[in-house]
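Accompanying notes for the structure given below.
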Number of protein chains: 2
Amino acid sequence: MIDTAYTELSSVLEGRLTRSKSELDQHGLSETWFPPTPPEAVAYPETTAEVSEIMKICHAHGIPVTAFGAGTSLEGQTLATSGGLLVDFSRMNQVLRVNDADMDAVVQPGITREALNVELRNTGLMFPVDPGANASLGGMAMTRASGTTAVKYGTMKENVTGLEVVLADGKIIRTGSRARKSAAGYDLTSLFVGSEGTLGLITEMTVRLHGQPEAISAAVCSFEEIGPAVEAVIATIQVGLPMARIEFLDAESVHAVNLYSGANFPLKPHLFVEFHGSEATVAEQVEMFGEIVHDFGGSDFEWAAKSEDRTALWTMRHHAYWACLALRKGTKAVVTDICVPISKLAEAVEQTRADIAASPLHGPILGHVGDGNFHAILLVDPNDEAEIKEGKRLAHRMAERALALGGTITGEHGIGMGKKSLMPEEHGAAWDLMGQIKAAMDPKNILNPGKLVP
Amino acid sequence: MIDTAYTELSSVLEGRLTRSKSELDQHGLSETWFPPTPPEAVAYPETTAEVSEIMKICHAHGIPVTAFGAGTSLEGQTLATSGGLLVDFSRMNQVLRVNDADMDAVVQPGITREALNVELRNTGLMFPVDPGANASLGGMAMTRASGTTAVKYGTMKENVTGLEVVLADGKIIRTGSRARKSAAGYDLTSLFVGSEGTLGLITEMTVRLHGQPEAISAAVCSFEEIGPAVEAVIATIQVGLPMARIEFLDAESVHAVNLYSGANFPLKPHLFVEFHGSEATVAEQVEMFGEIVHDFGGSDFEWAAKSEDRTALWTMRHHAYWACLALRKGTKAVVTDICVPISKLAEAVEQTRADIAASPLHGPILGHVGDGNFHAILLVDPNDEAEIKEGKRLAHRMAERALALGGTITGEHGIGMGKKSLMPEEHGAAWDLMGQIKAAMDPKNILNPGKLVP
């Protein structure tokens with residue numbers, strides 16, 4: 001029966017369905033510690049109608065369907081853990097429309113954020129959400145991604161305003177409108193954003209664009225201890241200084257970045273910051289931030305004045321994950337992602353640092369501290385059960401700490417397989433409600449089964 | 001059986017259940033043209049536990065439950081159209097916690113926005129969402145309200161970060177966290193915000209607070225025609241000027257305000273604006289806005305420099321709805337609420353003005369044009385079927401125009417009974433999905449039955 005289904009799918013896709021081992025294997029990898037999990041087949045649709053046909057066939061045959069964008073998620077969201085079909089959206093990667101006047105764009109889900117920004121280059125507009133990896137927009141929507149610029153521009157939650165979605169049975173719906181606000185019924189856009197492919201497949205999305213800033217300043221400063229570095233961030237947020245990016249790296253992360261990117265930062269906790277605005281407002285912001293850093297005993301700024309220097313700086317930051325992995329050969333990461341109220345940030349970072357110091361594992365800490373969000377990259381040998389167990393223990397302690405402080409187990413990576421066991425602790429009975437919604441929208445449980453919901 | 005249920009409810013509520021005709025009648029009114037619809041009983045719970053008990057009893061007996069905040073909604077959301085119990089949240093009106101450092105507050109749903117701001121007066125913080133009426137926070141969340149300040153501070157969607165909700169069967173859940181962002185599963189907070197009491201009853205909410213601005217400037221200017229007034233707004237939004245309020249009133253609205261509030265504005269289209277920020281940024285914004293207004297042929301500003309003058313100005317604006325009603329004795333309103341992409345705003349306003357000019361009805365136009373959102377207050381004799389029909393015809397044309405322009409049938413009032421027939425046009429198959437979600441969460445259809453969903 002499954003073979004019949006694949007024959008039907010191949011016919012709908014005019015051959016753009018593969019079962020070749022190398023392509024299956026390639027789609028079965030993940031960025032983190034999960035074992036390779038190849039799907040049974042990979043589809044490359046080019047239109048919404050094809051995605052709808054795919055879902056109708058898979059729905060009829062009860063075949064699990066997992067969506068795949070750029071494969072950069074960190075909690076195993078794209079792994080076909082129940083087998084079945086993986087839908088690779090890389091051929092649906094077009095910008096369909098840019099509305100300069102309303103500052104929005106309609107795009108297909110397979111476009112990456114870097115490709116979108118290349119297309120926008122001459123419009124004076126940009127899509128600012130930046131999780132580091134060159135993720136696809138669809139994948140970013142599905143994990144409610146954010147990253148370095150969310151402190152100013154918001155996450156995918158704030159920047160996706162409408163969707164076209166193919167539901168489990170192949171039905172095509174549209175959510176949202178192009179108006180700046182609406183009170184017309186349930187906010188289905190927000191329901192799909194962050195649903196990790198468990199409620200439907202995105203085939204088109206409207207995203208908010210922002211003006212390219214007139215002036216940009218980026219800088220780096222260091223502190224003697226973690227505490228004052230984080231306290232400086234808290235003070236910055238509390239005075240309402242509109243930072244475009246404010247990133248924390250502990251001394252071990254800095255060490256990794258130095259080795260990997262040939263930098264030469266002092267081995268101390270650092271803040272990497274960026275300001276966007278008019279020349280005048282950026283100058284004002286820089287001055288105010290300088291005073292705060294000084295108050296907390298930070299170093300003078302090292303400026304990345306030129307555009308190339310800024311690119312180099314943020315490339316270093318974006319490569320920090322791989323820099324951490326490179327600290328030890330053959331290593332994989334248990335990646336953590338807690339987010340706490342800003343007033344609890346220093347406490348959360350310092351206790352995490354102490355926890356890791358007391359463990360045999362290495363775990364550089366870095367993060368988007370302007371949102372109260374940070375990661376420990378817990379380095380483990382993927383073949384060493386004891387190390388994986390220890391990594392998970394530390395990750396679990398971090399998550400429990402986040403919850404005790406009023407925060408969340410994941411600021412931006414999502415749940416996938418990696419954090420599912422923590423969902424009852426964060427949500428209690430609300431997790432059951434998520435399961436009820438999933439069951440109502442996907443009664444055959446074919447959309448990314450095994451992820452996110454009970 | 002129903003009597004048994006009311007006996008049980010009365011016992012749980014220790015007598016805070018009434019079936020007195022005067023109280024039922026009072027809870028059966030609405031602000032607009034809907035006929036009086038008293039419920040069968042009114043409950044005044046004081047705790048979440050009581051709300052949970054209420055829902056358990058009503059669930060067991062299949063009694064419809066309608067939530068009631070301050071009764072200021074405009075689409076009949078609080079009318080108990082299927083009879084049953086109305087839950088009046090006026091006794092659950094406490095501020096439970098203000099977290100200065102994280103700029104959020106935990107409140108009960110019955111508190112009004114004015115009462116909350118009185119409590120916040122000495123904290124340096126404020127809750128800015130301002131729909132005009134002194135609505136309850138719970139009601140504002142349930143209709144995804146916004147109003148004059150949404151252009152800067154967002155709507156209830158952006159300002160509610162977590163909820164405690166009692167579900168149809170009495171189960172109590174919590175959504176969201178106090179972190180600034182989260183990727184932990186479905187965004188249930190956003191699902192409940194805007195659900196108009198059809199999915200659950202809010203018993204506690206966490207809302208975002210904002211710093212009280214250091215400087216505020218408010219001003220009024222007039223234009224000879226509607227077109228340039230709206231074009232000035234579009235230009236203001238497109239250059240990214242962060243207006244705190246930017247309100248449009250057509251000549252007929254101005255006439256109504258003059259009569260009702262004893263003002264003396266020239267009978268021309270007006271913009272009422274307000275700027276928030278530091279002294280320096282407000283001065284910069286005022287100057288930039290002045291240039292734009294000048295470019296579009298607007299008058300010089302009339303400043304409301306003193307705090308009392310500003311209060312008087314916004315009170316006039318807030319009373320504009322009643323001012324319009326007062327234009328004609330015994331009148332009620334068919335209130336419209338379309339919202340379009342900002343680039344389509346002039347077109348939408350001018351065509352609406354022409355439509356109304358060609359109709360026997362009066363319909364002043366005013367609105368939160370910085371969001372692309374405006375209202376025509378279509379004045380009808382509630383006892384004249386023909387007028388109501390004509391009002392509905394005009395409203396329908398406006399809604400269709402909004403959809404044709406990529407907008408929405410309601411920017412902030414919600415659906416209730418008044419706009420339900422337009423939902424298929426706006427949402428197509430997505431409306432059915434809303435119905436499926438409703439059925440999954442409230443299979444007995446006891447939560448505000450007949451509203452919003454199919």
Side-chain angles (χ1 to χ4, degrees), chain A residues 99 101-102 143-146 150 155 157 167 171-175 177-188 190-191 193-195 211 238 240 339-343 371-373 406-415 419 423 426-431 433-434 436-437 439-441 452, chain B residues 99 101-102 143-146 150 155 157 167 171-175 177-188 190-191 193-195 211 238 240 339-343 371-373 406-415 419 423 426-431 433-434 436-437 439-441 452:
Chain A
N99 303 295
D102 297 308
T143 52
R144 208 181 292 125
S146 44
T155 72
K157 171 177 166 149
L167 301 178
K171 201 179 290 155
I172 303 165
I173 64 163
R174 285 187 166 273
T175 74
S177 81
R178 287 192 50 246
R180 286 165 63 110
K181 65 182 189 184
S182 171
Y186 304 159
D187 182 357
L188 296 179
S190 294
L191 184 62
V193 171
S195 66
Q238 287 178 349
C339 190
V340 298
I342 207 81
S343 63
D371 297 319
N373 181 206
T408 175
I409 57 175
T410 171
E412 57 183 9
H413 296 169
I415 301 302
K419 296 219 174 65
M423 286 292 270
E426 175 152 349
H427 296 290
W431 196 40
L433 176 57
M434 294 183 202
Q436 274 174 264
I437 293 169
M441 291 176 62
L452 197 146
Chain B
N99 303 294
D102 297 307
T143 51
R144 209 182 292 124
S146 44
T155 73
K157 171 176 165 151
L167 301 177
K171 201 178 287 156
I172 303 164
I173 63 162
R174 286 187 166 273
T175 72
S177 81
R178 286 192 52 246
R180 286 164 63 110
K181 65 183 190 183
S182 170
Y186 304 159
D187 182 356
L188 297 179
S190 294
L191 183 63
V193 171
S195 67
Q238 287 179 350
C339 190
V340 298
I342 206 82
S343 64
D371 297 320
N373 181 205
T408 174
I409 57 175
T410 172
E412 55 182 12
H413 295 169
I415 301 303
K419 296 219 174 64
M423 286 293 272
E426 174 151 350
H427 296 291
W431 197 40
L433 177 57
M434 293 184 202
Q436 274 173 264
I437 292 168
M441 290 176 64
L452 196 144

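Keep in mind the model is a prediction, meaning the values are calculated, not measured. Within every chain, numbering begins at 1; the chains are lettered A, B, ... in the order of the sequence lines, protein sequences first and strands thereafter.
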If you tally heavy-atom pairs under 4.5 Å against chain A, which of [options] wins?
| options | result |
| --- | --- |
| B:Ala439, B:Gly240, B:Ser195 | B:Ser195 |
| B:Ile173, B:Asn99, B:Ile342, B:Asp102 | B:Asp102 |
| B:Ala150, B:Ala440, B:Ser190 | B:Ser190 |

- request: Go through B:Glu426 and B:Thr408 one step at a time and tell me if the side-chain hydrogen bond (donor to acceptor under 3.5 Å, both in side chains) criterion holds.
  value: CA-CA 7 Å; B:Glu426 174 151 350; B:Thr408 174; 2.9 Å; yes
For chain B, which of [options] has the most heavy-atom pairs under 4.5 Å?
| options | result |
| --- | --- |
| A:Gly406, A:Gly411, A:Ser177 | A:Gly411 |
| A:Thr175, A:Asn373, A:Thr155, A:Thr143 | A:Asn373 |
| A:Arg180, A:Gln436, A:Lys181 | A:Lys181 |
| A:Gly372, A:Gly185, A:Gly194, A:Ala145 | A:Gly185 |
| A:Lys419, A:Lys171, A:Met441 | A:Met441 |
| A:Gly414, A:Ala430, A:Ala429 | A:Ala430 |

- request: Check salt bridge (charged side-chain N to carboxylate O under 4.0 Å, His left out) between B:Arg144 and all other residues, then give those that pass, not counting sequence neighbours.
  value: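 Per chain and number, B:Arg144 pairs via salt bridge (charged side-chain N to carboxylate O under 4.0 Å, His left out) with no residue.
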Please look at [X] and chain B and tell me whether the side chain, the backbone, both or neither of the residue comes under 4.5 angstrom of a heavy atom of that chain.
| X | result |
| --- | --- |
| A:Ile409 | side chain |
| A:Leu433 | side chain |
| A:Met423 | side chain |
| A:Ser182 | both |

Side chain, backbone, both or neither: which part of [X] has a non-hydrogen atom closer than 4.5 Å to chain A?
| X | result |
| --- | --- |
| B:Leu167 | side chain |
| B:His413 | backbone |
| B:Ile415 | both |

Nearest-0.5 Å distance, [atom1] of residue [X] to [atom2] of residue [Y]:
| X | Y | atom1 | atom2 | answer |
| --- | --- | --- | --- | --- |
| B:Ile437 | A:Tyr186 | CD1 | OH | 7.5 Å |
| B:Leu452 | B:Trp431 | CG | CH2 | 8.5 Å |
| B:Lys157 | A:Lys157 | NZ | NZ | 7.5 Å |

